*Asks:* 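Attaching a single structure in structure tokens format; questions to follow.
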Amino acid sequence: MTDPVAARKAAIAAEKRRLAEQRQRREAAPSLRTSGFLLRKWRWLGVNGEEAVHAVLEILEELRDASSGPGGDGGHHEEQLRKAIAGSPEADSLLPAVGTLLKRVAPTDVLRHLRTLHAAGVEWLTPEGTGRQAVICSTAPSLLLARSSRSLTGGPAYSLFTSVAMGGAVPVPRKMLPEVLRWAPLPVVDDLIEHGGILPEDSPWAYRADSEAVYLRARLVPGKVTRDEARALEWTSFLRRADFMSGQDLDADGSDADGRPDVYELLVEASVGDATRLQELDAALPEEQRIQLRNLKAGSYEGNWPRDFLVDRGLWALMSTLWDPDSTVDPRLSDFHAWTAIRRAYDLVIEGRVEEAGQQAAAFDRLAKPGKRLPLSMPNMLPEALNIAAYAALAAEDLQGAERLMERAAALTDEASDNLALIRVWRATPKNTRDPLTNPYLDLGLPHSSADWETRYRELVRESRFDTVKYARLNMIRSRLDEARRHEAGDGVFFRLPLNHTVYEAPDAVPRSLVPPLEPLPRRTPATSGAEMEAVRARAAVEILQDFRTAPPRLDRHRST
């Protein structure tokens, strides 16, 4: 979780500072040699040797000063410290007094005093506490923990310290997480998240202040972050994805450092049917969506896709661009096939292949296959299909068939009534006195009532200047259009196709099958520093005071120092 080399250097530096301060105090103190009688008294309390006695006396003096200072309340415990400093330590009362006063000082002072006791070899903690003390006071706790034959368990702070020291190899027990999460430095919490020590179900944000709570939710449950919270975090990728998913216009510049457009710009182009940059999109997508894109392209060879693609309306424009059917499309297969079929029929009319358009439109008039229902969009497209079929019948001079088809279309939509009225007028008009039945705009390869018909007419005239038959036909088309402009009814004298332009438009939807999933917010905190490691260590030091002895350890009082 933290850099072990940096942590070791920080711990060594802290230990050197402590030793230097201790040396300065000793040099400033009068040089008095401790008597052998006093050394024997202290040995009964587990303090062996003159160096250890001086170290303990320094601790006692600091605790006495802290308890007798402003706000101090030493009482009986302070009296026990004074006796010990004066040379009369009481075996039954001193350790309880020291343990009680240690719990009243700052965590950093507790850690410093425990380090002093550990360096002096004073075992005033239980065997389990002494083991934890060795880990906490070690300059390389990870090595000590790795070499230990058994792992020493402890409270929440000690467990967090060992987890940090071992780089996440030793997780913090889940039952201790609520206690740890209330005070652990944010970089340490990030370390736990990175190594799987904290999961979304642990809800670490419930124990932190507002800004940190939002950050932790973005790290673990990004889907529960609101746009306002994402703006507060300046989380650009979240906001860009949210804008794309809601259909809003993306910011002008979403390129990366190399100037390449981001995945959402490429998805916008794909959603409107632009297939020119699919290779760039393939490179920008995550693995799962990249596979989806390749499956999409593979299905375009025969117009056969899984249902997940067919129901994703945001893919329809791209699928239509990739698939160019060369035969009649069965509109009964799906809503997408129905949409493709009606568009193909209209495109065939524009291309002048009216007979093929009629065959494609007739596919809408077939019954559903046994055991299958018609696509939901079929009823909406049926009037258009009947209209195109009627136009194909008019092109073949079958006015009676066209009238039957338009009667059915008019029963479905009022927009077909004008075309039906025209056919009935034409049927009542002698063939030799009526104009051609086809729409001159469509004959030019343009949509009905297109304002560009004159430009298109001149282009076709230039192309057919050596074809007298074609030239004569174009002049007849122009004369019909000019006459319609002079006529009060205008373009109403022509068969209208299409009836409703919206049927042919691509759905305005997001291609959800290709949208990358919302990724958690990347870590924003630096690596755990030595200062943060020391803060956790100090908390753990306070925690192991519960293992402080109330009576001296049973040691060999006569062993050599």
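This one's a predicted model, so the numbers in the text were calculated from it and none came from an experiment.
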*Asks:* Answer yes when R343 and D347 have at least one side-chain N-carboxylate O distance shorter than 4.0 Å, and no when they do not.
*Replies:*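 Salt bridge absent between R343 and D347.
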*Asks:* If you take all heavy atoms of R344 and E356, which pair is closest and at what distance?
*Replies:* NH2-OE1, 4.4 Å
*Asks:* Looking at D262 and E265, would you say the former's side chain and the latter's main chain have a donor-acceptor pair under 3.5 Å?
*Replies:*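 Confirmed, D262 side chain pairs with E265 backbone.
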*Asks:* Keeping R313 on the side-chain end and A509 on the backbone end, is there a donor-acceptor pair under 3.5 Å?
*Replies:*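 The answer is no, because no donor-acceptor pair under 3.5 Å joins these two groups.
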*Asks:* Where is the tightest heavy-atom contact between S159 and M176, given as atom of each residue plus distance?
*Replies:*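 Nearest heavy atoms, S159 then M176: OG-SD, 3.4 Å.
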*Asks:* Hey, what do you get for OH (Y391) to CG (L437), rounding to the nearest 0.5 Å?
*Replies:* 9.0 Å
*Asks:* Are side-chain heavy atoms of W305 and W323 found at a separation under 4.5 Å?
*Replies:*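 In contact.
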*Asks:* Return the CG to CG distance between L405 and N419, rounded to the nearest 0.5 Å.
*Replies:*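 Answer for the CG-CG pair, L405 versus N419, is 12.0 Å.
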*Asks:* Check for me whether the distance between the ring centres of Y207 and W183 falls short of 6.0 Å.
*Replies:* no
*Asks:* Side chains of I342 and V503: closer than 4.5 Å at any heavy-atom pair?
*Replies:*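 Contact flag for I342/V503 side chains = yes.
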*Asks:* Indicate yes or no for a side-chain donor-acceptor contact from T321 to the backbone of A317 under 3.5 Å, with no hydrogens or angles considered.
*Replies:* yes
*Asks:* To check you understand the geometry: which heavy-atom pair defines the closest contact between P447 and I350, and what is its length?
*Replies:*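 What the structure gives for the nearest pair is N-CD1, 4.1 Å.
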*Asks:* Can you tell me if CD on Q279 sees more than 12 non-hydrogen neighbours from other groups inside 6.0 Å?
*Replies:*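 Counting neighbours around CD of Q279, 12 or fewer heavy atoms of other residues, nucleotides or ligands fall under 6.0 Å, so no.
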*Asks:* Salt bridge between D282 and R290, side-chain N to carboxylate O under 4.0 Å?
*Replies:* yes
*Asks:* Is it the case that the side chains of N439 and H448 hold a donor-acceptor pair, with the cut-off being a distance below 3.5 Å and no angle test?
*Replies:* yes
*Asks:* Any donor-acceptor pair under 3.5 Å linking the side chain of R208 with the backbone of L181?
*Replies:*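 Looks like yes, one N/O pair under 3.5 Å.
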*Asks:* Is any NZ, NE, NH1 or NH2 atom of the basic residue among D443 and R456 found under 4.0 Å from an Asp or Glu carboxylate oxygen of the other?
*Replies:* no
*Asks:* We want to know whether T226 and D228 form a side-chain donor-acceptor pair, criterion being a heavy-atom distance below 3.5 angstrom.
*Replies:* no
*Asks:* Does the side chain of L442 reach to within under 4.5 Å of the side chain of F495, using non-hydrogen atoms?
*Replies:* no
*Asks:* What I want to check is whether the side chains of W205 and S203 have a donor and an acceptor closer together than 3.5 Å.
*Replies:*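 W205 vs S203: no donor-acceptor pair found between side chains.
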*Asks:* Between Y215 and T525, which heavy-atom pair has the shortest distance, and what is it?
*Replies:* OH-N, 3.8 Å
*Asks:* Assess whether atom CD of E288 is packed by more than 12 heavy atoms of other residues, nucleotides or ligands within 6.0 Å.
*Replies:*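 No.
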*Asks:* For K224 and E229, work out which heavy atoms get closest and say how close.
*Replies:* O-OE1, 4.1 Å
*Asks:* Would you say the side chain of D190 lies within less than 4.5 Å of the side chain of T528, judging by non-hydrogen atoms?
*Replies:*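 The answer is no, as the side chains (C-beta and beyond) never meet within the 4.5 Å cut-off.
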*Asks:* Are the side chain of T413 and the backbone N or O of A410 linked by a donor-acceptor pair below 3.5 Å?
*Replies:*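 Side chain of T413 to backbone of A410, a donor-acceptor pair under 3.5 Å: no, none is there.
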*Asks:* If you measure only the distance, is there a donor-acceptor pair under 3.5 Å linking the side chains of S334 and H337?
*Replies:* yes
*Asks:* Minimum heavy-atom separation for V493 to A484, with atom names?
*Replies:* CG2-CB, 4.2 Å
*Asks:* Taking T162 for its side chain and Y158 for its backbone only, find out whether a donor-acceptor pair lies under 3.5 Å.
*Replies:*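 Looks like yes, one N/O pair under 3.5 Å.
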*Asks:* Rounded to the nearest 0.5 Å, what separates atom NZ in K297 from atom CG in L318?
*Replies:*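 Separation between the atoms: 9.5 Å.
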*Asks:* Would a 4.5 Å heavy-atom cut-off, applied to side chains only, mark F494 and S449 as touching?
*Replies:* no
*Asks:* Any sub-3.5 Å donor-acceptor pair from R523's side-chain atoms to P526's backbone N or O?
*Replies:* yes
*Asks:* Could you tell me whether R537 and E534 have a side-chain N and a carboxylate O separated by less than 4.0 Å?
*Replies:*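 Looking at E534 together with R537, the answer is yes, because their closest N to O distance falls below 4.0 Å.
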*Asks:* Answer yes or no: is there a side-chain heavy-atom contact under 4.5 Å between P516 and V263?
*Replies:*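 Yes. Closest side-chain heavy atoms under 4.5 Å.
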*Asks:* Less than 4.5 Å apart, any side-chain heavy atom of V188 and any of M533?
*Replies:*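 The answer is no, as the side chains (C-beta and beyond) never meet within the 4.5 Å cut-off.
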*Asks:* Do N387 side-chain atoms and R496 backbone N/O form a donor-acceptor pair below 3.5 Å?
*Replies:*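 Judged by distance alone, yes, a pair lies under 3.5 Å.
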*Asks:* Nearest 0.5 Å, please: how far is CG in L315 from CG in L310?
*Replies:*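 Those atoms lie 9.5 Å apart.
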*Asks:* Which of these, P511, P517, S513, sits in a side-chain contact (heavy atoms from CB on, under 4.5 Å) with Q289?
*Replies:*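 Considering P511, P517, S513, a side-chain contact (heavy atoms from CB on, under 4.5 Å) with Q289 is found only for P517.
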*Asks:* Is it the case that E384 and Y346 place a side-chain donor and acceptor less than 3.5 Å from each other?
*Replies:*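 The criterion, which ignores hydrogens and geometry beyond distance, is not satisfied for Y346 and E384.
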*Asks:* Taking the side chain from Q360 and the backbone from V329, do they hold a donor-acceptor pair closer than 3.5 Å?
*Replies:* yes
*Asks:* Compute whether any side-chain donor of one residue and acceptor of the other, for Y457 and N475, lie under 3.5 angstrom apart.
*Replies:* yes
*Asks:* Closer than 4.0 angstrom, basic N to acidic O: yes or no for D435 and R480?
*Replies:* no
*Asks:* Main chain of L186, side chain of E212: is a donor-acceptor contact present, judged purely on distance under 3.5 Å?
*Replies:*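 No.
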*Asks:* Side chains of R424 and T429: donor-acceptor distance under 3.5 Å anywhere?
*Replies:*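 No.
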*Asks:* Is it true that E454 and R478 make a salt bridge, defined as a side-chain N closer than 4.0 Å to a carboxylate O?
*Replies:* yes
*Asks:* Knowing that exactly one of D202, L199, I198 qualifies, which makes a side-chain contact (heavy atoms from CB on, under 4.5 Å) with L220?
*Replies:* I198
*Asks:* Would you check if S163 and L192 make a side-chain contact, meaning some heavy-atom pair closer than 4.5 Å?
*Replies:* yes
*Asks:* Are T502 and E505 linked by a side-chain donor-acceptor pair shorter than 3.5 Å?
*Replies:*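 The criterion, which ignores hydrogens and geometry beyond distance, is not satisfied for E505 and T502.
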*Asks:* Might you confirm whether atom CD of E351 has over 12 heavy atoms from other residues, nucleotides or ligands at distances under 6.0 Å?
*Replies:*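 Yes.
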*Asks:* Mind checking whether F244 and Y264 have parallel, tilted or perpendicular rings, split at 30° and 60°?
*Replies:* tilted
